[in-house]
Protein chains: 2
Amino acid sequence: MISLPRATIRLKTETKASRPMQVADAIKGWVVEQGLQAGDRLPGEAELIERFGMAKGTIREAMRILEAQGLITTRTGPGGGSFVHEVSRQRARALLGNYFYFQHLTIADIYQLRRVLEPELAASLAGKLSDSLLQELEANIARYSQPASTLDEEREQHVTSLRFHALLAAQSENALLSFLIDFMVRMLSDLTVYRKLYSPPNLELWSKGRGYQERLVQALRVGDSHAARQIMEAHMNTAQRLMEGQEAAMLRGFISE
Amino acid sequence: MISLPRATIRLKTETKASRPMQVADAIKGWVVEQGLQAGDRLPGEAELIERFGMAKGTIREAMRILEAQGLITTRTGPGGGSFVHEVSRQRARALLGNYFYFQHLTIADIYQLRRVLEPELAASLAGKLSDSLLQELEANIARYSQPASTLDEEREQHVTSLRFHALLAAQSENALLSFLIDFMVRMLSDLTVYRKLYSPPNLELWSKGRGYQERLVQALRVGDSHAARQIMEAHMNTAQRLMEGQEAAMLRGFISE
DNA sequence: CCCAATTTGTTCGTATGTATC
DNA sequence: AGATACATACGAACAAATTGG
């Protein structure tokens, strides 16, 4: 049995934050201190009430704070309670999206990063992808090899072609690189959902982009890291041009999970 | 006067999330819908209780959720209440840090990104920095021009030299690039605080890094974008080598604001 | 400095919902 | 089905903080 702080707990003295916030921070620190892992159970409401010497409502607000940050989940019933939870990628993405809701990001901003990060990703993945994934990538490309006939279809093709990059990002062993590229791709996908871009379509650039993806898969398959990097660089240049002129402010809502 | 959803509110039917969560999402959506800006006042507790037809505790939990995400702040007293709040960089950093607490990032992971992003940042800032900032950068360098005598001093020099990059990041007009570099720099700074790295010190590499920073400031001053990029690339290579062999898992606690 | 009004913050008792055995 | 163990929600009362007179 492990002891939470102390009977009448010592929260950070010199209190400025609200009590629920202090409790949440205390629990966070305690989790780290005890080295609790995802899935480990936290003390129940009743126990926390006793340990912290606070009312149920206060404790519950603290739990909501931790839950909102994605750090715990809660279940009712016997054997229920609060459990340490690994912050999910979706949650992290939504939370970070809230930040950029207030910063006016442009498409150019995102591409400034994509232009250097996507080639780096491609180079690092050359020769490391499974056959099944390479086939999945090719299947993805096939879904937009025919010109779109309707505007909806075109929009969906665009989202699908972005999914190509999300698939790649998921393969990186670098969690930071993986998360970031996925994040940017989602931002761009959301854009295509909320706005009707790409009219009139630039068919030439579009087909060129598809060609790059095909060549990229080949380079990845044979493990040619240098070629993969170069192809992706060219691809990003094309994609950026395809997006150009769509500079308007980007996001109109909070990102949902 | 603007109306919140409806008397007996229509939360997302087919409910799986907790009620406070639903309320929080409803308010979030309402804020976006109404185009509320940072600083705008939200309805008070009493009004929300009435509008949503829920108990005080439930509403309060919802507010704590929004507060935890950094989207609102709350004040007591007359004229008080909850106000839309721009998610701060610190908050976003802490929330994203929670995600990576569960992903085992290595120093190499961070440098894989820094190696391409820092040069991009440097190139984009060439010729665009004010004299006062250039002087601040030089003053920063001066703070570690003399070899450290104690281990604490050495650690502080390291953090200070990372601050050089945070200063640069803050100058970028690209909020995504700016945030990311700042985030990485903080991760590395936290590392130097929690662990004693850099022993034994590699004085040669260290002084070489300082030299790069000096030359970089010059390139930035005269607006030589190409040189700035190249110098930063070399600098990153040096820094990475300086960090090498320190591969151990990184973060031991949650990032605090 | 005190008092009153306003608004959030906290407590407690009770009842309801839900999952497990 | 019933008992148990847990979170969830409600409502009323009271406490604390802030502002203005």
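Both backbone and side-chain heavy atoms feed into the values below; hydrogens, waters and symmetry mates do not. Order of the sequence lines sets the chain letters (A, B, ...), proteins ahead of strands, with each chain counted from 1.
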Legend entry - Glu136(A) with Arg163(A): basic N within carboxylate O range, under 4.0 Å: yes

Legend entry - OP1 or OP2 of dT10(C) under 4.0 Å from side-chain N/O of Arg60(A): no

Inset, instruction - For Ile49(B) and dA12(D), give me the distance from atom CD1 to atom C1', rounded to whole Å. - result: 12 Å

Legend entry - Contact nearer the 5' end of DNA chain C, comparing Gly80(B) with Glu61(A): Gly80(B)

Inset, instruction - Measure from CG on Leu48(B) to P on dG9(C) and round the result to the nearest Å. - result: 12 Å

Legend entry - Contact residues, residues 66-78 of chain B to DNA chain C [heavy atom, < 4.0 Å]: Thr74(B), Arg75(B), Thr76(B), Gly77(B), Pro78(B)

Legend entry - Rounded distance in Å - CZ (Arg41(B)) to P (dT6(C)): 13 Å

Inset, instruction - Quick one: label Gly57(B) by what it contacts on the DNA or RNA (base, sugar-phosphate, nothing), any heavy atom closer than 4.0 Å. - result: nothing

Legend entry - Rounded distance in Å - CD (Glu47(A)) to P (dA7(D)): 10 Å

Inset, instruction - Look at atom CD of Glu156(B) and say whether more than 12 heavy atoms of other residues, nucleotides or ligands are closer to it than 6.0 Å. - result: no

Inset, instruction - Take atom CE of Met54(B) and atom C1' of dA15(C), then tell me their distance rounded to the nearest Å. - result: 17 Å

Legend entry - Contact nearer the 5' end of DNA chain D, comparing Arg64(A) with Gly79(A): Gly79(A)

Inset, instruction - Would you check, one step at a time, whether the test salt bridge (Lys or Arg N to Asp or Glu O under 4.0 Å) holds for Glu61(B) with Arg64(B)? - result: CA-CA 5 Å; Glu61(B) 287 180 36; Arg64(B) 287 297 85 72; over 6 Å; no

Inset, instruction - For Leu117(A) and Leu180(A), work out which heavy atoms get closest and say how close. - result: CD1-CD1, 3.5 Å

Legend entry - Distance in angstrom units between Arg19(A) CZ and dA15(D) P, rounded: 13 Å

Inset, instruction - Using only heavy-atom distances, determine whether the side chains of Arg89(A) and Ser178(A) contain a donor-acceptor pair under 3.5 Å. - result: yes

Inset, instruction - Find the distance Glu45(A):CD to dC12(C):P and express it as a whole number of Å. - result: 14 Å

Legend entry - Lys56(A) side chain, from C-beta outward: closest of dT7(C), dA9(D), dC6(D): dA9(D)

Inset, instruction - In whole angstrom, give the distance that lies between atom CE of Met63(B) and atom P of dT7(C). - result: 14 Å

Inset, instruction - Look at the rings of Tyr99(B) and Phe179(A) and say which category their plane angle falls in: under 30° parallel, 30 to 60° tilted, over 60° perpendicular. - result: tilted

Inset, instruction - Scan Arg91(A), Lys28(A), His85(A) and name whichever one has a side-chain hydrogen bond (donor to acceptor under 3.5 Å, both in side chains) with Gln69(A). - result: Lys28(A)

